[in-house]
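To start, the structure itself, in structure tokens.
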Amino acid sequence: MKLYFADTIFSPIFRRYFFYFDSYPLVIQIAIILTTIAITATIIAYGSILYRRYSGWKRDRRLAKLNPRIDDLITDTVILNEELALGTPPEKIELDLSGFARLKYRDMFVRQALIDRIMHYRKNFVGDLGYLLRQLYIDLDLEKDSVKKLKSPQWNKKVQGLVELTALDMQISDVNILPLTNSKNRELRAEARHAYIKLSKNEPFKFFDIATEPLLMWDQIELFKIITTNKDIVLPNFARWVTYSNNKSIVSFCLKLIIHYNQTEAIPAVIKLLDNRDHYLRADAIQCLGKLKVEEAEDKLVSIYNNQPLNCQIEILKALGRIGSGRHLEFLKSEFIRSQDFDIRKNAARSIIKHGALSQNMLGDLMSVSSEENQLILKHCMNPLIKY
Amino acid sequence: MLKPTTLANPSILLVDDDQILLHVTKRILQHDGYKVTTATNGKEALDKIRNTQFDLVIVDVMMPHINGLEVLSQLKQQQNTRSTPVIVLTGVSHSISEDVLKIGASACFKKPFEADTLREAVRQQLAK
């Protein structure tokens, strides 16, 4: 069977340069076609790389000329502002924008360069200068550019807008930001949540109510850092989400915040969580009760112990050690002697030791009657250099 | 031989790898009447200190090659620069400020800082 690739795929122009194409064996025809495709793709790829590099070079060259002018203008208008030096309150100062008009700041490229520069300055200066830099951003209408980015179909533009508005401490309406806190895109979702906590003055945790996407571990670390380092934040009772949220990661994160802020008023909600069907959440709740040293939860923890999976049992043993009331030392001792599981024995031993003076006699007894392996565990746990 | 300076026109060496901050801080200090020399890394700073005597050094901690802490400790080890006051700027946590003061820095500021606070610290150090 003779195939006429050239007739079906290529135009007669192609055939002009390959007179005998149709007479070549099929393998050669395929090879010629693939080679042609490969060469064309390579040329396009190199072309686009060259074009991007050239654009980047042009952009850098333009920025290299523009940035020193922006720096001088910002320095003269804001940093060395004469009225500020004379002691005028920054909120009463009207910035002279005539220099910026000469910069043709209506040009999008110039506006973006201005935003980037003002953001950088604001990262380094606080107080009156920080206020004036923000004022400059508002006076130049740069805020509109950032808000416009929030409505862009591209997620990276939205992130850029959020970063700009957060850095300049601008308010974002809930209508614009709340949907982004639940975006399918991980980066956008994380940035929107960070921005919401930083910028929302009254209810920074409102997005917890609508969050259906999980808070990943890295997001939790980032959010925890933002929440715990932001002095002006209004702290709600996190028991609200422990009780009502269907998002397990939100509940787990709230338990961590309850521990950090020692929210004793949330304890009843945390105790209720011990009946939750999810054993990871139960483990988190047990950890929370232990860290908050909730003595009234001890009996419940011991009573549910035998029905729990291993991770929850270990958390219960740890919690009893943290609470350290001494009422359940016999339970810890029996778990240490009876259990076949190494982790159970290790955690029971640690918790007994954590009781300090209350468990001194018990430890002496255990050291004398325990097996060689259990004695090693006890000695290991007694080492003060090994942290619990 | 070190080039001496007069206290009527105090000279300051400003060391930071952040070009923007370097430019702005330089302008602020120049505006206040100081003679400002800049360096963008620790090595360049130490070279300049070897050739010129400065009345004050302002140095950032996080820099490539030789960081601000090394610059500070070298300044405090050398006979001719031991008494030069050094103000340290840092973008990292407050815990570093105690270490910096122990090594011999006169003051330590965490970024972001207030320009007036830095101005005041410079004035105080030069008045000593």
Side-chain angles (χ1 to χ4, degrees), chain A residues 60 63-90 93 99 112-137 166-169 198 224-226 228-232, chain B residues 12 14-41 57-64 67-68 87-97 100 107-124 126:
Chain A
D60 289 347
L63 271 180
K65 277 185 190 168
L66 188 62
N67 279 338
R69 288 178 66 197
I70 294 177
D71 288 342
D72 285 337
L73 279 170
I74 293 179
T75 312
D76 293 337
T77 317
V78 177
I79 314 283
L80 301 176
N81 188 292
E82 282 177 11
E83 284 182 74
L84 193 67
L86 291 170
T88 312
I93 295 174
Q112 190 53 51
L114 270 167
I115 294 175
D116 293 342
R117 233 44 187 176
I118 292 173
M119 270 169 63
H120 193 100
Y121 278 84
R122 199 147 193 275
K123 268 184 206 157
N124 287 300
F125 292 102
V126 288
D128 293 347
L129 282 186
Y131 181 92
L132 280 189
L133 285 165
R134 182 176 179 272
Q135 199 54 47
L136 179 67
Y137 173 78
T166 315
L168 272 305
D169 210 8
K198 274 186 185 171
F224 191 83
K225 192 178 140 202
I226 292 168
T228 52
T229 52
N230 193 341
K231 287 174 194 160
D232 304 325
Chain B
I12 297 173
L14 182 60
V15 195
D16 200 324
D17 60 330
D18 183 338
Q19 296 283 354
I20 302 177
L21 194 67
L22 200 67
H23 171 82
V24 176
T25 318
K26 184 182 173 183
R27 286 286 307 272
I28 293 171
L29 295 172
Q30 278 177 336
H31 184 261
D32 290 353
Y34 304 115
K35 188 181 161 203
V36 184
T37 308
T38 58
T40 52
N41 59 60
V57 176
I58 302 174
V59 63
D60 180 35
V61 172
M62 298 289 273
M63 284 188 300
N67 68 33
I87 294 176
V88 174
L89 306 176
T90 170
V92 287
S93 69
H94 274 297
S95 58
I96 202 169
S97 60
V100 162
C108 180
F109 291 105
K110 190 180 179 308
K111 293 179 193 174
F113 53 84
E114 284 204 42
D116 285 346
T117 320
L118 180 68
R119 278 170 150 167
E120 182 57 27
V122 168
R123 203 182 55 75
Q124 277 180 9
L126 290 171

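Just so it is clear, the values below take in all heavy atoms, side chains as well, and ignore hydrogens, waters and symmetry mates. Per chain, numbering begins at 1; letters A, B, ... match sequence-line order.
Closest approach of N41(B) to P64(B), counting heavy atoms only: CB-O, 4.0 Å. The two residues V59(B) and G68(B) make their nearest non-hydrogen contact at CG2-CA, 3.8 Å.
Of the inter-residue distances, the one linking L132(A) atom CG with I74(A) atom CD1 reads 12.0 Å to the nearest 0.5 angstrom. Note that CD1 of I70(A) is 8.5 Å distant from CD1 of I118(A), once rounded to the nearest 0.5 Å.
Residues passing the ring-ring contact (aromatic ring centres under 6.0 Å, His included) test with F109(B), sequence neighbours excluded: none. Partners of A167(A) under the side chain to side chain contact (heavy atoms under 4.5 Å, CB included) rule, at least two apart in sequence or in another chain, are M119(A).
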Below 3.5 angstrom, are there any donor-acceptor pairs between chain B and chain A, and if so, which atoms and how far apart?
residue	atom	partner	partner atom	Å
D18(B)	OD1	H120(A)	NE2	3.1
D18(B)	OD2	H120(A)	NE2	2.7
H23(B)	NE2	D72(A)	OD1	3.3
R27(B)	NH1	D72(A)	OD1	3.3
R27(B)	NH2	D76(A)	OD1	2.5
F113(B)	N	N124(A)	O	3.1
F113(B)	O	V126(A)	N	3.1

